[in-house]
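Heads up, the thing below is written out as structure tokens.
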Amino acid sequence: MVSSLDGFIAKKDNSVSWLDGTGHVYAAGVSLSEEQAATFVKAIDCYVLGSRTYEHALELGWPYGDTPTVVVSSRQWPPASNSVEFYSGDLKTLVEVKLTPRYRNIWLVGGAMLCQRFLELGLVDEIRLTMAPVLLGEGLRLFGGSVTEQRWNLKGVVAYRNGFVELAYSASGA
Ligand SMILES: NC(=O)c1ccc[n+]([C@@H]2O[C@H](COP(=O)([O-])OP(=O)(O)OC[C@H]3O[C@@H](n4cnc5c(N)ncnc54)[C@H](OP(=O)(O)O)[C@@H]3O)[C@@H](O)[C@H]2O)c1
């Protein structure tokens with residue numbers, strides 16, 4: 001997920017311009033080539049989205065290509081593309097019975113509500129959190145704002161030339 005410095009992942013009006021760089025360059029930072037970014041995305045076997053994140057992704061322009069995508073929702077949806085599947089029910093069953101036997105690298109996109117549930121249920125083995133160099137003041141809280149206390153192990157830090165910093169954590173014991 002990408003978070004503002006004050007812990008928000010979306011603005012109230014859902015606008016995403018805050019995710020753009022400011023033009024300021026952090027000289028010691030790295031930048032990803034298009035090839036590196038493509039290799040990273042190609043390694044993702046499956047995406048999981050909450051229904052609100054799905055709606056937003058449709059509005060912005062579908063970024064997940066043909067990669068299998070599961071949308072978690074209790075609502076009925078009009079048919080989507082062949083790569084999109086809707087799921088309603090127990091999240092542990094989704095991960096352990098439906099997804100893990102088929103996919104290795106499962107990327108939980110969000111949003112806050114779904115991530116919070118996944119964290120509470122112990123279904124996350126790695127957190128990739130990118131901090132954007134911006135304060136938003138208000139919006140949607142990262143992970144919904146309330147998860148129970150958990151320790152995570154820092155695995156990597158990458159600072160980018162655009163001032164974004166990616167933090168990678170693994171679950172304690174993972
Ligand atoms: N900055 C980032 O990196 C980032 C990443 C992802 C998303 N976002 C943003 O976050 C916002 C959406 O986040 P959000 O927290 O409002 O919503 P969300 O987590 O995307 O979706 C919530 C919906 O998912 C379904 N859901 C969640 N838990 C469920 C469960 N246990 N069983 C069945 N269905 C469940 C429900 O859908 P139904 O109501 O349909 O049943 C619920 O209303 C958007 O603005 C999106 O752009 C930001």
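Numbers here are sequence positions counted from 1. Remember, it's 1-based here, ligands and their atoms both numbered in the order they're listed.
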(request) Examine Met1 and Met113 and state if one hydrophobic cluster contains both, with Ile, Leu, Val, Met, Phe, Trp and Tyr joined whenever side-chain heavy atoms are less than 4.5 Å apart. (result) no
(request) To the nearest 0.5 angstrom, please state how far the CG atom of Asn162 sits from the OG atom of Ser31. (result) 8.5 Å
(request) Would you mind checking which non-hydrogen protein atom is closest to atom 30 (C) of ligand 1, with the distance to 0.1 Å? (result) Val72 CG1, 4.1 Å
(request) Could you tell me which atoms of ligand 1, counted from 1 in the order shown, lie closer than 4.0 angstrom to a heavy atom of Leu140? (result) 10 (O), 11 (C), 12 (C), 13 (O), 14 (P), 15 (O), 16 (O)
(request) Among all protein heavy atoms, pick out the one at the shortest distance from atom 39 (O) of ligand 1; state its residue, atom name and that distance to 0.1 Å. (result) Arg75 NE, 3.8 Å
(message) Please determine whether the number of non-hydrogen atoms from other residues, nucleotides or ligands lying under 6.0 Å from atom CG of Asp20 exceeds 12.
(response) yes
(message) Using a 6.0 Å cut-off, check whether atom CG of Asn82 has over 12 heavy atoms from anything other than its own residue.
(response) no
(request) Give the residue and atom name of whichever protein heavy atom lies nearest to atom 15 (O) of ligand 1, and the separation in Å to one decimal. (result) Met113 N, 2.8 Å
(request) For residues Trp77 and Tyr54, establish whether the separation of their ring centroids is below 6.0 Å. (result) yes
(message) Among all the protein's non-hydrogen atoms, which is closest to atom 18 (P) of ligand 1, and how far away is it?
(response) Gly111 N, 3.5 Å
(message) side-chain hydrogen bond (donor to acceptor under 3.5 Å, both in side chains), that's the test. Do Ser15 and Ser17 meet it? Break it down for me.
(response) CA-CA 6 Å; Ser15 59; Ser17 56; 4.7 Å; no
(message) Within the 4.0 Å heavy-atom shell around His56, which atoms of ligand 1 are there?
(response) 44 (C), 45 (O), 46 (C), 47 (O)
(request) Just say parallel, tilted or perpendicular for the rings of Tyr64 and Tyr47, cut-offs at 30° and 60°. (result) tilted
(request) Considering heavy atoms of the protein only, find what lies nearest to atom 3 (O) of ligand 1 and give residue, atom and distance to 0.1 Å. (result) Val2 N, 2.7 Å
(request) State plainly whether the residues Arg117 and Glu120 are in salt-bridge range, i.e. N to O under 4.0 Å. (result) yes
(request) Tell me, yes or no, whether the heavy-atom count around Tyr26 atom OH, taken from other residues, nucleotides or ligands under 6.0 Å, exceeds 12. (result) no
(request) May I ask you to list the atoms of ligand 1 that are less than 4.0 angstrom from any heavy atom of Ser74? (result) 38 (P), 40 (O), 41 (O)
(message) Judged on heavy-atom distance to atom 5 (C) of ligand 1, which of Leu129, Leu114, Val109, Asp13 sits nearest?
(response) Val109
(message) For Lys42, is there an ion pair with Glu35 - N to carboxylate O distance below 4.0 angstrom?
(response) no
(request) Answer with side chain, backbone, both or neither: which part of Leu91 has a heavy atom less than 4.0 angstrom from an atom of ligand 1? (result) side chain
(request) Please answer whether the main-chain N or O of Arg104 pairs with a side-chain N or O of Asp45 as donor and acceptor at a distance below 3.5 Å. (result) yes
(message) Just to be sure I read this right, does ligand 1 sit under 4.0 Å from the backbone of Met1, its side chain, both, or neither, counting only heavy atoms?
(response) both
(message) Starting from atom 12 (C) of ligand 1, what is the nearest protein heavy atom, named by residue and atom, and what distance separates them?
(response) Thr53 OG1, 3.5 Å
(message) For atom 17 (O) of ligand 1, what's the nearest protein heavy-atom neighbour? Residue, atom name and distance, please.
(response) Arg52 CB, 3.3 Å
(message) Show me which atoms of ligand 1 lie under 4.0 Å from any heavy atom of Ile9.
(response) 1 (N), 2 (C), 8 (N), 10 (O), 48 (C)
(message) Among Ala132, Ser51, Gly89, Gly50, which one puts a heavy atom closest to atom 36 (C) of ligand 1?
(response) Ser51
(message) Is the contact between Asn14 and ligand 1 made by the side chain, the backbone, both, or neither, using heavy atoms and a 4.0 Å cut-off?
(response) side chain
(request) Would you check the N or O atoms of Ser73, main chain and side chain alike, for any that come under 3.5 Å of an N or O of ligand 1? (result) yes
